[in-house]
K.L.:
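Handing you this structure, nothing more for now.
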Amino acid sequence: MLPDVLIENLGYLLRGAVMTVGLASATIVPSAVVGMVLALAKIFSGITLRTLVEVYLYVVRGVPLLVLLFFMYFALPYTGIDLPPLFGGVLVMSLYFGAFMAEIFRAAILSLPRAQWDAARSLGMRRWLIFRIVIYPQVFRLAAPPFVNTCVLLVKSTSLVSIIGLWELTLAGREVAERTFAPLQIFGGVALIYFALCYALSRYGLYLEERMRFAH
Amino acid sequence: MPTESATHGLPMVELRHVSMSFGRHRVLNDVSLTVSRGEMVAIIGPSGSGKTTLLRCINFLEEYDGGEVLVGGQSVGFRFESGRRIRRTEREIAATRSNVGMVFQSYNLFPHMTVLRNITAAPIRVKGVPPEEADAHARTLLNRVGLLEKADALPARLSGGQQQRVAIARALAMRPKLMLFDEVTSALDPELVGEVLAVMKSLADDGMTMVVVTHEMQFAREIANRVIFMDEGAIVEEGDPKRLFSAPATDRLRAFLKRYRESYLLS
(Lines give C-alpha, C1' and ligand atoms only; values in the text may rest on other atoms or scores of the structure.)
Protein backbone atom coordinates (compact mmCIF):
# COMPACT_ATOMS: atom_id res chain seq x y z
CA MET A 1 0.00 0.00 0.00
CA LEU A 2 2.77 2.46 0.96
CA PRO A 3 5.64 2.98 -1.49
CA ASP A 4 8.74 0.87 -0.69
CA VAL A 5 10.99 3.91 -0.36
CA LEU A 6 8.71 5.27 2.36
CA ILE A 7 8.49 1.95 4.19
CA GLU A 8 12.28 1.59 4.16
CA ASN A 9 12.71 5.03 5.74
CA LEU A 10 9.66 5.00 7.96
CA GLY A 11 11.67 4.19 11.10
CA TYR A 12 13.84 7.26 10.58
CA LEU A 13 10.83 9.50 9.97
CA LEU A 14 9.05 8.15 13.03
CA ARG A 15 12.08 8.99 15.14
CA GLY A 16 11.73 12.51 13.77
CA ALA A 17 8.06 12.41 14.71
CA VAL A 18 8.96 11.49 18.28
CA MET A 19 11.20 14.55 18.37
CA THR A 20 8.32 16.67 17.02
CA VAL A 21 6.02 15.40 19.74
CA GLY A 22 8.75 16.10 22.31
CA LEU A 23 9.21 19.67 21.06
CA ALA A 24 5.47 20.27 21.06
CA SER A 25 5.03 18.86 24.56
CA ALA A 26 7.94 20.91 25.85
CA THR A 27 6.26 24.02 24.40
CA ILE A 28 2.62 23.46 25.35
CA VAL A 29 3.09 23.58 29.13
CA PRO A 30 5.18 26.78 29.31
CA SER A 31 3.01 28.49 26.71
CA ALA A 32 -0.09 27.68 28.78
CA VAL A 33 1.59 29.15 31.84
CA VAL A 34 2.68 32.25 29.91
CA GLY A 35 -0.85 32.54 28.52
CA MET A 36 -2.54 32.31 31.91
CA VAL A 37 -0.16 34.83 33.49
CA LEU A 38 -0.64 37.29 30.61
CA ALA A 39 -4.43 36.83 30.71
CA LEU A 40 -4.54 37.55 34.44
CA ALA A 41 -2.22 40.51 34.07
CA LYS A 42 -4.36 41.92 31.28
CA ILE A 43 -7.55 41.58 33.31
CA PHE A 44 -6.47 42.42 36.82
CA SER A 45 -3.30 44.50 36.81
CA GLY A 46 -2.91 48.24 36.87
CA ILE A 47 -2.63 50.38 33.77
CA THR A 48 1.17 50.16 33.41
CA LEU A 49 1.50 46.40 33.45
CA ARG A 50 -1.64 46.02 31.37
CA THR A 51 -0.24 48.32 28.68
CA LEU A 52 3.04 46.37 28.63
CA VAL A 53 1.13 43.11 28.24
CA GLU A 54 -0.95 44.56 25.41
CA VAL A 55 2.14 45.79 23.58
CA TYR A 56 3.65 42.34 23.95
CA LEU A 57 0.53 40.66 22.58
CA TYR A 58 0.40 42.98 19.58
CA VAL A 59 4.07 42.51 18.76
CA VAL A 60 3.93 38.74 18.99
CA ARG A 61 0.75 38.47 16.97
CA GLY A 62 2.08 40.82 14.32
CA VAL A 63 5.41 39.10 13.65
CA PRO A 64 5.73 35.68 11.99
CA LEU A 65 7.04 32.86 14.16
CA LEU A 66 9.78 32.17 11.61
CA VAL A 67 11.04 35.74 11.89
CA LEU A 68 11.10 35.45 15.69
CA LEU A 69 13.07 32.20 15.40
CA PHE A 70 15.56 33.86 13.03
CA PHE A 71 15.84 36.76 15.42
CA MET A 72 16.67 34.43 18.29
CA TYR A 73 19.05 32.29 16.21
CA PHE A 74 20.85 34.84 14.02
CA ALA A 75 20.40 38.24 15.66
CA LEU A 76 20.58 37.63 19.41
CA PRO A 77 24.14 36.20 19.31
CA TYR A 78 25.31 39.69 18.14
CA THR A 79 24.01 41.09 21.43
CA GLY A 80 25.97 38.48 23.34
CA ILE A 81 22.97 36.25 24.04
CA ASP A 82 23.72 32.91 22.44
CA LEU A 83 20.97 30.43 23.22
CA PRO A 84 21.32 26.75 22.34
CA PRO A 85 18.92 26.14 19.40
CA LEU A 86 16.77 23.62 21.24
CA PHE A 87 16.28 25.83 24.29
CA GLY A 88 15.92 28.96 22.15
CA GLY A 89 13.43 27.28 19.85
CA VAL A 90 11.23 26.08 22.69
CA LEU A 91 11.50 29.48 24.40
CA VAL A 92 10.49 31.44 21.30
CA MET A 93 7.60 29.10 20.56
CA SER A 94 6.41 29.25 24.17
CA LEU A 95 6.40 33.04 24.16
CA TYR A 96 4.74 33.09 20.75
CA PHE A 97 1.96 30.63 21.53
CA GLY A 98 1.63 32.06 25.04
CA ALA A 99 0.26 35.21 23.41
CA PHE A 100 -2.48 33.22 21.69
CA MET A 101 -3.25 31.21 24.81
CA ALA A 102 -3.55 34.51 26.69
CA GLU A 103 -6.45 35.58 24.48
CA ILE A 104 -8.12 32.20 24.90
CA PHE A 105 -7.87 32.29 28.69
CA ARG A 106 -8.84 35.94 28.88
CA ALA A 107 -11.98 35.34 26.85
CA ALA A 108 -12.85 32.33 29.03
CA ILE A 109 -12.32 34.24 32.28
CA LEU A 110 -14.42 37.16 31.09
CA SER A 111 -17.18 34.89 29.80
CA LEU A 112 -17.88 33.58 33.29
CA PRO A 113 -20.82 35.36 34.89
CA ARG A 114 -19.71 38.23 37.14
CA ALA A 115 -22.15 36.81 39.63
CA GLN A 116 -19.73 33.96 40.32
CA TRP A 117 -17.28 36.54 41.65
CA ASP A 118 -20.06 38.23 43.64
CA ALA A 119 -21.10 34.96 45.24
CA ALA A 120 -17.53 34.05 46.18
CA ARG A 121 -16.76 37.53 47.50
CA SER A 122 -19.92 37.55 49.58
CA LEU A 123 -18.60 34.40 51.27
CA GLY A 124 -15.50 36.28 52.37
CA MET A 125 -13.17 34.79 49.75
CA ARG A 126 -10.31 36.90 48.51
CA ARG A 127 -9.23 37.35 44.93
CA TRP A 128 -6.56 34.69 44.64
CA LEU A 129 -8.68 32.06 46.39
CA ILE A 130 -11.66 32.89 44.16
CA PHE A 131 -9.47 32.52 41.12
CA ARG A 132 -8.08 29.19 42.28
CA ILE A 133 -11.20 27.37 43.39
CA VAL A 134 -14.06 29.09 41.58
CA ILE A 135 -12.79 30.67 38.36
CA TYR A 136 -9.86 28.56 37.21
CA PRO A 137 -11.65 25.18 37.18
CA GLN A 138 -14.46 26.66 35.11
CA VAL A 139 -12.12 28.55 32.82
CA PHE A 140 -10.28 25.36 32.06
CA ARG A 141 -13.44 23.66 30.88
CA LEU A 142 -14.50 26.65 28.80
CA ALA A 143 -11.07 27.08 27.27
CA ALA A 144 -10.43 23.41 26.48
CA PRO A 145 -11.68 23.40 22.83
CA PRO A 146 -9.83 26.54 21.62
CA PHE A 147 -6.83 25.50 23.71
CA VAL A 148 -6.56 22.14 21.96
CA ASN A 149 -7.09 23.88 18.64
CA THR A 150 -4.09 26.11 19.33
CA CYS A 151 -2.09 23.04 20.33
CA VAL A 152 -2.78 21.56 16.89
CA LEU A 153 -1.35 24.72 15.31
CA LEU A 154 1.57 24.47 17.68
CA VAL A 155 2.38 20.89 16.66
CA LYS A 156 2.45 21.91 13.00
CA SER A 157 4.51 25.02 13.72
CA THR A 158 7.31 22.96 15.25
CA SER A 159 8.27 22.16 11.63
CA LEU A 160 9.65 25.72 11.40
CA VAL A 161 12.48 25.00 13.82
CA SER A 162 13.96 22.66 11.21
CA ILE A 163 15.17 25.83 9.47
CA ILE A 164 17.38 26.73 12.43
CA GLY A 165 18.82 23.25 12.33
CA LEU A 166 16.75 21.43 14.96
CA TRP A 167 16.26 17.86 13.94
CA GLU A 168 12.65 16.76 13.94
CA LEU A 169 10.14 15.26 11.52
CA THR A 170 10.42 17.90 8.78
CA LEU A 171 14.21 17.96 8.78
CA ALA A 172 14.30 14.16 8.83
CA GLY A 173 12.00 14.21 5.78
CA ARG A 174 14.24 16.64 3.95
CA GLU A 175 17.29 14.49 4.60
CA VAL A 176 15.59 11.35 3.37
CA ALA A 177 14.06 13.06 0.34
CA GLU A 178 17.46 14.41 -0.75
CA ARG A 179 19.12 11.05 -0.26
CA THR A 180 16.48 8.94 -2.03
CA PHE A 181 15.38 11.43 -4.75
CA ALA A 182 11.79 10.52 -3.84
CA PRO A 183 10.33 13.78 -2.46
CA LEU A 184 6.81 12.90 -3.51
CA GLN A 185 6.67 9.68 -1.49
CA ILE A 186 8.70 10.95 1.45
CA PHE A 187 6.96 14.31 1.95
CA GLY A 188 3.68 12.52 1.36
CA GLY A 189 4.62 10.29 4.27
CA VAL A 190 5.72 13.27 6.40
CA ALA A 191 2.40 14.99 5.73
CA LEU A 192 0.57 11.82 6.69
CA ILE A 193 2.41 11.60 10.02
CA TYR A 194 1.64 15.26 10.84
CA PHE A 195 -1.96 14.67 9.93
CA ALA A 196 -2.16 11.60 12.16
CA LEU A 197 -0.69 13.52 15.13
CA CYS A 198 -3.00 16.49 14.71
CA TYR A 199 -6.05 14.36 14.05
CA ALA A 200 -5.42 12.40 17.24
CA LEU A 201 -5.01 15.65 19.16
CA SER A 202 -8.24 17.08 17.76
CA ARG A 203 -10.13 13.92 18.68
CA TYR A 204 -8.67 14.11 22.16
CA GLY A 205 -9.91 17.70 22.38
CA LEU A 206 -13.42 16.60 21.47
CA TYR A 207 -13.23 13.84 24.05
CA LEU A 208 -12.17 16.33 26.75
CA GLU A 209 -14.95 18.69 25.78
CA GLU A 210 -17.44 15.87 26.02
CA ARG A 211 -16.16 14.59 29.34
CA MET A 212 -15.84 17.95 31.07
CA ARG A 213 -19.22 19.23 30.01
CA PHE A 214 -21.75 20.00 32.68
CA ALA A 215 -25.18 21.39 32.02
CA HIS A 216 -25.25 25.02 33.05
CA MET B 1 -37.87 41.71 67.79
CA PRO B 2 -37.10 45.43 67.81
CA THR B 3 -37.71 45.72 71.55
CA GLU B 4 -34.88 43.31 72.28
CA SER B 5 -32.39 45.25 70.23
CA ALA B 6 -31.99 47.95 72.83
CA THR B 7 -30.36 45.48 75.21
CA HIS B 8 -27.88 44.47 72.52
CA GLY B 9 -26.50 47.96 72.15
CA LEU B 10 -25.28 48.72 68.64
CA PRO B 11 -27.58 48.17 65.68
CA MET B 12 -26.68 45.37 63.27
CA VAL B 13 -26.71 47.59 60.20
CA GLU B 14 -26.54 51.31 59.94
CA LEU B 15 -26.51 53.39 56.77
CA ARG B 16 -25.68 57.06 57.22
CA HIS B 17 -26.50 59.36 54.32
CA VAL B 18 -25.31 56.84 51.74
CA SER B 19 -25.23 57.98 48.16
CA MET B 20 -24.02 56.38 45.00
CA SER B 21 -24.03 57.08 41.27
CA PHE B 22 -23.42 55.01 38.18
CA GLY B 23 -22.01 57.63 35.85
CA ARG B 24 -24.49 60.50 35.91
CA HIS B 25 -27.31 58.36 37.21
CA ARG B 26 -27.84 58.72 40.95
CA VAL B 27 -28.86 55.27 42.25
CA LEU B 28 -28.82 56.03 45.96
CA ASN B 29 -29.64 59.47 47.21
CA ASP B 30 -28.81 60.19 50.84
CA VAL B 31 -30.18 56.94 52.26
CA SER B 32 -30.17 56.46 56.02
CA LEU B 33 -31.40 53.28 57.63
CA THR B 34 -30.95 51.30 60.83
CA VAL B 35 -31.56 47.58 61.26
CA SER B 36 -31.61 46.19 64.80
CA ARG B 37 -30.33 42.80 65.82
CA GLY B 38 -32.89 40.07 65.18
CA GLU B 39 -34.97 42.32 62.99
CA MET B 40 -36.37 41.24 59.64
CA VAL B 41 -36.60 44.21 57.29
CA ALA B 42 -38.19 43.95 53.87
CA ILE B 43 -37.35 46.44 51.14
CA ILE B 44 -39.91 46.91 48.39
CA GLY B 45 -40.14 49.27 45.46
CA PRO B 46 -40.23 49.42 41.67
CA SER B 47 -37.30 48.03 39.69
CA GLY B 48 -34.53 50.57 39.34
CA SER B 49 -35.40 52.15 42.67
CA GLY B 50 -31.99 51.27 44.16
CA LYS B 51 -33.07 48.39 46.43
CA THR B 52 -30.50 45.93 45.15
CA THR B 53 -27.72 48.53 45.13
CA LEU B 54 -28.51 49.41 48.72
CA LEU B 55 -28.30 45.77 49.70
CA ARG B 56 -25.00 45.32 47.87
CA CYS B 57 -23.53 48.33 49.67
CA ILE B 58 -24.05 46.53 52.99
CA ASN B 59 -21.45 43.87 52.13
CA PHE B 60 -19.48 46.22 49.89
CA LEU B 61 -20.19 44.49 46.59
CA GLU B 62 -20.90 48.08 45.54
CA GLU B 63 -18.55 50.86 46.54
CA TYR B 64 -20.74 53.71 47.65
CA ASP B 65 -19.58 57.25 46.87
CA GLY B 66 -20.67 59.10 49.98
CA GLY B 67 -21.88 58.49 53.49
CA GLU B 68 -21.07 55.52 55.64
CA VAL B 69 -22.23 51.93 56.06
CA LEU B 70 -21.71 50.17 59.38
CA VAL B 71 -22.22 46.51 60.20
CA GLY B 72 -22.05 45.60 63.87
CA GLY B 73 -20.74 49.08 64.60
CA GLN B 74 -17.81 48.78 62.20
CA SER B 75 -17.63 50.80 59.00
CA VAL B 76 -17.72 48.69 55.85
CA GLY B 77 -15.28 49.15 52.99
CA PHE B 78 -13.83 52.44 54.14
CA ARG B 79 -12.43 53.86 57.32
CA PHE B 80 -12.41 57.51 58.14
CA GLU B 81 -9.37 59.33 59.42
CA SER B 82 -9.55 63.03 60.19
CA GLY B 83 -12.29 63.48 57.63
CA ARG B 84 -10.53 61.52 54.89
CA ARG B 85 -12.02 58.35 53.48
CA ILE B 86 -9.56 55.46 53.14
CA ARG B 87 -10.42 52.21 51.45
CA ARG B 88 -9.92 49.21 53.67
CA THR B 89 -7.59 46.39 52.61
CA GLU B 90 -8.88 43.33 50.74
CA ARG B 91 -8.33 41.33 53.89
CA GLU B 92 -10.46 43.65 56.05
CA ILE B 93 -13.23 43.81 53.45
CA ALA B 94 -13.27 40.03 53.12
CA ALA B 95 -13.40 39.68 56.90
CA THR B 96 -16.49 41.89 57.05
CA ARG B 97 -18.13 39.93 54.25
CA SER B 98 -17.51 36.60 55.95
CA ASN B 99 -19.94 37.71 58.69
CA VAL B 100 -22.64 38.73 56.25
CA GLY B 101 -24.46 36.08 54.23
CA MET B 102 -25.94 36.95 50.88
CA VAL B 103 -28.36 35.11 48.62
CA PHE B 104 -28.82 36.22 45.04
CA GLN B 105 -31.65 36.22 42.53
CA SER B 106 -29.76 33.88 40.20
CA TYR B 107 -28.56 31.47 42.97
CA ASN B 108 -24.92 31.71 41.76
CA LEU B 109 -23.91 28.28 42.98
CA PHE B 110 -20.50 27.14 41.78
CA PRO B 111 -21.46 24.79 38.91
CA HIS B 112 -18.35 22.61 39.06
CA MET B 113 -18.70 21.75 42.76
CA THR B 114 -21.12 19.34 44.35
CA VAL B 115 -23.79 20.75 46.63
CA LEU B 116 -21.75 19.76 49.68
CA ARG B 117 -18.56 21.36 48.35
CA ASN B 118 -20.47 24.53 47.51
CA ILE B 119 -21.40 24.76 51.17
CA THR B 120 -18.09 23.72 52.75
CA ALA B 121 -15.65 25.58 50.48
CA ALA B 122 -15.80 28.94 52.22
CA PRO B 123 -15.87 27.68 55.85
CA ILE B 124 -12.82 25.50 55.12
CA ARG B 125 -10.84 27.94 52.98
CA VAL B 126 -11.81 31.23 54.58
CA LYS B 127 -12.38 30.39 58.23
CA GLY B 128 -10.12 27.35 58.49
CA VAL B 129 -12.86 25.08 59.81
CA PRO B 130 -11.64 21.43 59.80
CA PRO B 131 -13.17 19.60 56.80
CA GLU B 132 -15.01 16.96 58.89
CA GLU B 133 -16.60 19.66 60.99
CA ALA B 134 -17.55 21.70 57.91
CA ASP B 135 -19.05 18.57 56.34
CA ALA B 136 -21.12 17.80 59.40
CA HIS B 137 -22.36 21.39 59.64
CA ALA B 138 -23.18 21.41 55.92
CA ARG B 139 -25.25 18.25 56.31
CA THR B 140 -27.12 19.77 59.23
CA LEU B 141 -27.90 22.83 57.10
CA LEU B 142 -28.90 20.69 54.10
CA ASN B 143 -31.21 18.76 56.37
CA ARG B 144 -32.69 22.02 57.56
CA VAL B 145 -33.47 23.14 54.00
CA GLY B 146 -34.73 19.64 53.20
CA LEU B 147 -32.02 18.65 50.71
CA LEU B 148 -29.78 16.25 52.59
CA GLU B 149 -30.12 13.62 49.86
CA LYS B 150 -28.71 16.06 47.28
CA ALA B 151 -25.35 16.51 49.03
CA ASP B 152 -23.36 14.86 46.25
CA ALA B 153 -25.32 16.22 43.30
CA LEU B 154 -24.05 18.96 40.99
CA PRO B 155 -26.15 22.15 41.08
CA ALA B 156 -27.32 21.69 37.50
CA ARG B 157 -29.23 18.58 38.57
CA LEU B 158 -31.40 20.59 40.97
CA SER B 159 -34.51 22.65 40.35
CA GLY B 160 -34.34 26.42 40.81
CA GLY B 161 -36.01 26.22 44.20
CA GLN B 162 -33.59 23.53 45.34
CA GLN B 163 -30.59 25.53 44.09
CA GLN B 164 -31.81 28.57 45.96
CA ARG B 165 -32.20 26.58 49.18
CA VAL B 166 -28.64 25.30 48.73
CA ALA B 167 -27.51 28.90 48.24
CA ILE B 168 -29.15 29.80 51.56
CA ALA B 169 -27.41 26.86 53.25
CA ARG B 170 -24.11 27.96 51.70
CA ALA B 171 -24.48 31.44 53.16
CA LEU B 172 -25.52 30.06 56.56
CA ALA B 173 -22.47 27.78 56.65
CA MET B 174 -20.33 30.84 57.44
CA ARG B 175 -22.46 31.37 60.58
CA PRO B 176 -23.28 34.94 59.55
CA LYS B 177 -24.65 37.54 61.93
CA LEU B 178 -26.73 39.04 59.16
CA MET B 179 -28.36 37.70 56.00
CA LEU B 180 -29.07 39.68 52.84
CA PHE B 181 -31.61 38.40 50.34
CA ASP B 182 -31.70 39.95 46.89
CA GLU B 183 -34.99 39.12 45.13
CA VAL B 184 -34.30 35.47 45.78
CA THR B 185 -37.63 34.20 44.45
CA SER B 186 -37.82 36.37 41.33
CA ALA B 187 -36.18 33.83 39.03
CA LEU B 188 -38.24 30.91 40.32
CA ASP B 189 -41.26 29.24 38.80
CA PRO B 190 -44.30 30.22 40.88
CA GLU B 191 -44.78 26.72 42.32
CA LEU B 192 -41.19 26.78 43.70
CA VAL B 193 -41.44 30.13 45.48
CA GLY B 194 -43.11 28.70 48.56
CA GLU B 195 -40.32 26.29 49.53
CA VAL B 196 -37.73 29.10 49.52
CA LEU B 197 -39.95 31.49 51.48
CA ALA B 198 -40.58 28.75 54.05
CA VAL B 199 -36.84 28.46 54.69
CA MET B 200 -36.57 32.23 55.04
CA LYS B 201 -39.49 32.31 57.45
CA SER B 202 -37.88 29.68 59.66
CA LEU B 203 -34.69 31.76 59.69
CA ALA B 204 -36.62 34.83 60.74
CA ASP B 205 -38.37 32.81 63.45
CA ASP B 206 -34.94 31.81 64.76
CA GLY B 207 -34.09 35.45 65.23
CA MET B 208 -31.67 35.91 62.31
CA THR B 209 -31.19 39.53 61.34
CA MET B 210 -32.38 39.77 57.75
CA VAL B 211 -32.60 42.43 55.07
CA VAL B 212 -34.81 41.17 52.28
CA VAL B 213 -35.33 42.86 48.94
CA THR B 214 -38.49 41.32 47.59
CA HIS B 215 -41.44 41.50 45.25
CA GLU B 216 -43.42 39.10 47.44
CA MET B 217 -45.74 41.58 49.14
CA GLN B 218 -47.67 38.91 50.97
CA PHE B 219 -44.44 37.54 52.44
CA ALA B 220 -43.20 41.01 53.42
CA ARG B 221 -46.50 41.76 55.08
CA GLU B 222 -46.60 38.57 57.11
CA ILE B 223 -42.96 38.06 58.09
CA ALA B 224 -41.25 41.44 58.16
CA ASN B 225 -40.92 43.49 61.35
CA ARG B 226 -40.61 46.56 59.20
CA VAL B 227 -41.11 47.38 55.55
CA ILE B 228 -39.17 50.00 53.63
CA PHE B 229 -40.46 51.44 50.39
CA MET B 230 -37.85 52.83 48.03
CA ASP B 231 -38.29 54.84 44.90
CA GLU B 232 -35.74 56.69 42.75
CA GLY B 233 -32.85 55.93 45.05
CA ALA B 234 -34.45 57.14 48.25
CA ILE B 235 -36.49 55.74 51.12
CA VAL B 236 -39.95 57.16 50.61
CA GLU B 237 -41.81 55.48 53.41
CA GLU B 238 -41.14 52.93 56.12
CA GLY B 239 -42.96 51.38 59.01
CA ASP B 240 -45.00 48.52 60.34
CA PRO B 241 -46.01 46.24 57.45
CA LYS B 242 -49.71 46.03 58.35
CA ARG B 243 -50.00 49.81 58.56
CA LEU B 244 -47.87 50.39 55.47
CA PHE B 245 -49.83 48.06 53.23
CA SER B 246 -53.29 48.96 54.48
CA ALA B 247 -52.80 52.71 54.86
CA PRO B 248 -49.88 53.99 52.75
CA ALA B 249 -49.02 57.55 53.68
CA THR B 250 -47.54 58.62 50.36
CA ASP B 251 -48.98 58.80 46.86
CA ARG B 252 -45.97 57.00 45.47
CA LEU B 253 -46.47 53.95 47.65
CA ARG B 254 -50.19 54.00 46.95
CA ALA B 255 -49.48 54.03 43.20
CA PHE B 256 -46.89 51.27 43.56
CA LEU B 257 -49.22 49.01 45.54
CA LYS B 258 -52.03 49.67 43.08
CA ARG B 259 -49.83 48.69 40.14
CA TYR B 260 -48.70 45.62 42.05
CA ARG B 261 -52.24 44.49 42.84
CA GLU B 262 -53.32 44.99 39.23
CA SER B 263 -50.47 42.91 37.85
CA TYR B 264 -51.08 40.32 40.55
CA LEU B 265 -54.73 40.01 39.61
CA LEU B 266 -53.85 39.71 35.93
CA SER B 267 -51.36 36.93 36.40
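Letters go in sequence order (proteins before strands), and every chain restarts at 1.
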K.L.:
Has the side chain of A:Glu168 got a donor or acceptor atom that lies under 3.5 Å from a matching backbone atom of A:Leu171?
P.N.:
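Pair found, side chain donor or acceptor close to backbone of A:Leu171.
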K.L.:
Need one label for B:Leu109: side chain, backbone, both or neither, based on atoms under 4.5 Å from any heavy atom in chain A.
P.N.:
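Only the backbone of B:Leu109 comes within 4.5 Å of chain A.
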K.L.:
With no hydrogens and no angle check, just 3.5 Å: does a side-chain donor-acceptor pair link A:Tyr194 and A:Thr170?
P.N.:
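Looking only at side-chain atoms, A:Thr170 and A:Tyr194 do form a donor-acceptor pair, the distance falling under 3.5 Å.
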K.L.:
Any donor and acceptor pair, going by atom type alone, linking the side chain of A:Thr20 with main-chain N or O of A:Leu169 inside 3.5 Å?
P.N.:
yes
K.L.:
Heavy-atom distances under 4.5 Å only: say whether A:Leu129 touches chain B with side chain, backbone, both or neither.
P.N.:
side chain
K.L.:
What part of B:Arg56 lies closer than 4.5 angstrom to a heavy atom of chain A: side chain, backbone, both or neither?
P.N.:
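B:Arg56 touches chain A through side-chain heavy atoms alone.
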K.L.:
Side chain, backbone, both or neither: which part of B:Ala171 has a non-hydrogen atom closer than 4.5 Å to chain A?
P.N.:
backbone
K.L.:
Taking the six-membered ring for Trp, are A:Tyr78 and A:Phe74 closer than 6.0 Å centroid to centroid?
P.N.:
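Centroid distance A:Tyr78-A:Phe74: not below 6.0 Å, so no.
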K.L.:
Using atom types as modelled and distance alone, determine if a side-chain donor or acceptor of B:Arg97 lies under 3.5 Å from a backbone N or O of B:Asn59.
P.N.:
yes
K.L.:
For B:Phe104, is it the side chain, the backbone, both, or neither that has a heavy atom closer than 4.5 Å to a heavy atom of chain A?
P.N.:
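Only the side chain of B:Phe104 comes within 4.5 Å of chain A.
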K.L.:
Is chain A contacted by the side chain of B:Met102, its backbone, both, or neither, given a heavy-atom distance below 4.5 Å?
P.N.:
both
